[in-house]
Amino acid sequence: MPLFSELKRTHNCGELRAVDVGKMVRLNGWVNSYRNLGGLFFIDLRDRYGLTQIMIDPQAIDSAMLAEANRARHEFVVAAEGVVRARPEGTVNPKMPTGEIELKTERFFVLSESKTPPFEIEDECKAHDQLRLEFRYLDLRRRPLQENIRLRHQTTFTVREFLTRRDFYEIETPLMIRSTPEGARDYVVPSRVQKGKFYALPQSPQLFKQILMVAGFDKYFQIARCLRDEDLRADRQPEHTQVDMEMSFVVPDDVFAVNEALMAHVFKVILNVDIETPFPRYTFDEVMNRWGIDKPDLRFDMELVDLTEEVRDCGFKVFSENVKSGGVVKGIVLKGGGEFSRKQIDDLTEKARSFGASGLAYILRPAAGDKSPILKFIGEDLKDRLCARAHAAAGDALFIVSDKALKAEAILGQLRLHLGKEHGLINRNRWRLLWVTDFPLFDYDEENQSFQAMHNIVSHPHEEDIALIEEGFASSLDPTNLAHPWRRARALQYDLVINGWEIGSGGQRINRPDLQKKILEILGIDSERADRMFGFLLRAFEYGAPPHAGIALGLDRLVALLTGTDSIRDVIAFPKTANAVSLMDGSPTPIDAAQLEELGLMIREDIKAE
Ligand code: ASP
């Protein structure tokens with residue numbers, strides 16, 4: 001066989017067209033398919049750029065090469081040299097960009113063989129996920145994944161270019177950092193040089209990007225890998241990628257403006273979709289109230305309606321007692337749901353239970369007349385008023401949940417999404433981008449009777465609520481009371497939501513040590529613990545910390561949205577399973593005794609035995 005340097009491609013498999021007819025070319029690629037028709041061989045040759053048909057006429061090539069062509073099977077890597085010719089009348093394939101031509105092969109070589117692949121390399125893959133992950137390189141050869149990875153690259157490139165033009169520096173923060181026992185669990189790396197000590201892999205570059213602000217790099221970004229050792233939920237990965245950014249001398253409006261322009265640019269470049277800016281902003285209270293979730297999907301309506309006042313004094317105890325004890329009664333309307341069957345109601349009630357509801361009340365308005373199991377308690381009149389209040393017209397269904405406010409809202413929010421999906425209410429071609437702002441600064445943990453940071457200990461309180469911090473220390477109210485000043489304090493913390501996905505999260509940060517100290521005190525973090533957690537940041541803040549704010553966008557989720565896949569796995573070249581295992585390289589693995597020795601580590605006997 002000639003040297004590969006003599007067989008190297010002159011063109012890729014996606015580029016030859018009718019204008020190239022008559023050219024002598026060489027192609028390299030994988031055998032996508034082969035067939036023998038009327039004594040002629042046809043092979044579709046594939047590479048990243050496309051497919052080109054090569055034709056081999058046994059009469060026209062020497063017998064050794066013919067034997068090679070005979071040997072070629074799916075996924076063999078081959079080289080073919082020949083003349084581009086127009087496909088004969090009637091064999092043009094308008095579906096292929098190269099469909100007008102074929103290569104009339106003069107020389108043919110197998111460059112490398114392939115075992116029979118465990119699944120076929122085709123657009124629709126029916127193989128089991130496990131198998132696809134084990135042979136990820138084969139899965140990645142499939143066109144949809146090639147397209148996803150291309151689009152991911154194009155997205156990161158677009159982001160880099162955009163931010164660079166806006167004066168941002170891309171700065172790498174370390175991958176081996178100090179472990180902080182808060183938040184999600186750290187992945188740790190043992191130190192050999194300092195035995196018994198460990199680095200942590202970063203859960204995010206948060207503290208380092210803030211220190212970059214102290215260092216004067218007032219616009220920073222990084223396409224950063226973040227690692228969290230969490231029990232993985234359905235579509236989580238132990239490592240994910242963020243477009244992380246931070247700016248100095250800014251307020252949240254500035255972060256919104258940059259990110260709105262960035263999103264509009266990315267959507268235009270990647271999808272040729274025009275996104276309107278600015279994006280609507282809703283406070284946390286408002287989204288919970290109206291859609292029962294902090295990441296509302298606004299591609300469809302079905303807002304929650306508040307029926308509390310209507311039922312306050314009604315005869316139906318389930319409602320009125322709940323209202324009396326401070327709860328709410330809320331509902332959602334499914335347009336055209338009036339003809340729901342018994343079975344559909346049962347299924348939906350089961351769903352509601354799985355979301356935490358103790359029951360689901362409803363009023364159906366079919367053509368034959370209204371139906372409701374609570375009619376005997378609430379009477380015709382109140383039923384009509386509830387329907388009027390909720391805009392439940394003839395033919396519709398009204399579903400009602402009675403509970404504590406946040407709980408009732410969360411249940412209805414889940415039901416709304418469920419019904420939206422089940423009943424095809426979600427317009428897949430619509431893009432709804434929005435900000436959720438003013439998250440509560442603290443969460444009160446009733447079990448541990450302590451305040452916790454809702455997002456981040458460095459989240460800056462809303463400027464109007466700074467006084468509440470001080471008031472809380474003096475307040476005689478019990479912390480379980482929602483009126484407690486600390487429970488009313490809002491944070492300058494925001495999320496970017498696209499089509500019901502939380503795509504980004506960020507905030508204004510505290511830059512004054514005195515304010516930070518107060519927050520730490522509320523959280524019950526003493527100075528020793530604070531020092532262990534992020535003393536190096538607090539120390540840096542003693543040397544002139546500018547006001548700063550930032551955000552991190554989940555790149556995997558963003559790309560998943562842009563490609564239209566429901567799973568981030570489809571846009572990550574080498575994802576892990578839900579058990580954080582990589583089936584392709586088999587990680588994690590034990591390490592050998594010598595390595596352990598060198599690191600000063602020992603594995604417990606009971607674990608070894610397992
Ligand atoms: N560091 C935060 C996160 O990883 C994002 C931010 O506030 O910038 O979620």
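Below, all heavy atoms of this structure are taken into account, side chains as well, without hydrogens, waters or symmetry copies. Order of listing sets the numbers, starting from 1, for every ligand and every atom in it.
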- Region of Gln508 engaging ligand 1 - heavy atom pairs below 4.0 Å: neither
- Message: Please work out, at 4.0 Å between heavy atoms, whether the side chain, the backbone, both, or neither of Glu502 comes within that distance of ligand 1.
- Response: neither
Identify every side-chain donor-acceptor pair in residues 252-263 under 3.5 Å, counting partners at least two apart or on other chains, and give the distances.
from: Asp253; atom 1: OD1; to: Arg281; atom 2: NH1; distance (Å): 2.9
from: Asp253; atom 1: OD1; to: Arg281; atom 2: NH2; distance (Å): 3.4
from: Asp254; atom 1: OD2; to: Val251; atom 2: N; distance (Å): 2.8
from: Asn259; atom 1: ND2; to: Val255; atom 2: O; distance (Å): 2.8
from: Glu260; atom 1: OE2; to: Phe279; atom 2: N; distance (Å): 3.1
from: Glu260; atom 1: OE2; to: Trp435; atom 2: NE1; distance (Å): 2.7

- Item | Arg509 to ligand 1, any heavy atom closer than 4.0 Å | yes
- Query: Would the Phe284 and Phe439 ring centres measure less than 6.0 Å apart?
  - Reply: yes
- Nearest protein heavy atom to atom 1 (N) of ligand 1, by residue and atom, and its distance? Gln206 OE1, 2.6 Å
- From CD1 (Ile223) to CZ (Phe157), nearest 0.5 Å: 12.0 Å
- Task: Measure from the ring center of Trp486 to the ring center of Phe473 and say whether it is less than 6.0 Å.
- Result: yes
- Message: Residue-level breakdown please: for Ile551 versus ligand 1, do any non-hydrogen atoms fall below 4.0 Å on the side chain, on the backbone, on both, or on neither?
- Response: backbone
- Message: Please work out, at 4.0 Å between heavy atoms, whether the side chain, the backbone, both, or neither of Lys209 comes within that distance of ligand 1.
- Response: side chain
- Message: In this structure, does ligand 1 have an atom that sits under 4.0 Å from one of the heavy atoms of Arg228?
- Response: yes
- Output the distance between atom CG (Asp167) and atom CE (Met247), rounded to the nearest 0.5 Å. 12.0 Å
- Ala552, portion touching ligand 1 at heavy-atom distance under 4.0 Å: both
- Query: Which of these, Gln210, Arg509, Gln508, sits in a side chain to side chain donor-acceptor pair (under 3.5 Å) with His548?
  - Reply: Gln210
- Could you tell me if any non-hydrogen atom of Gln242 lies under 4.0 Å from any atom of ligand 1? yes
- Message: Quick test: of every protein heavy atom, which one is nearest to atom 5 (C) of ligand 1, and how far off is it to 0.1 Å?
- Response: Ser505 O, 3.3 Å
- Which atoms of ligand 1 are found less than 4.0 Å from any heavy atom of Gly506? 6 (C), 7 (O)
- Item | Close N or O approach (Ser204, ligand 1; < 3.5 Å) | yes
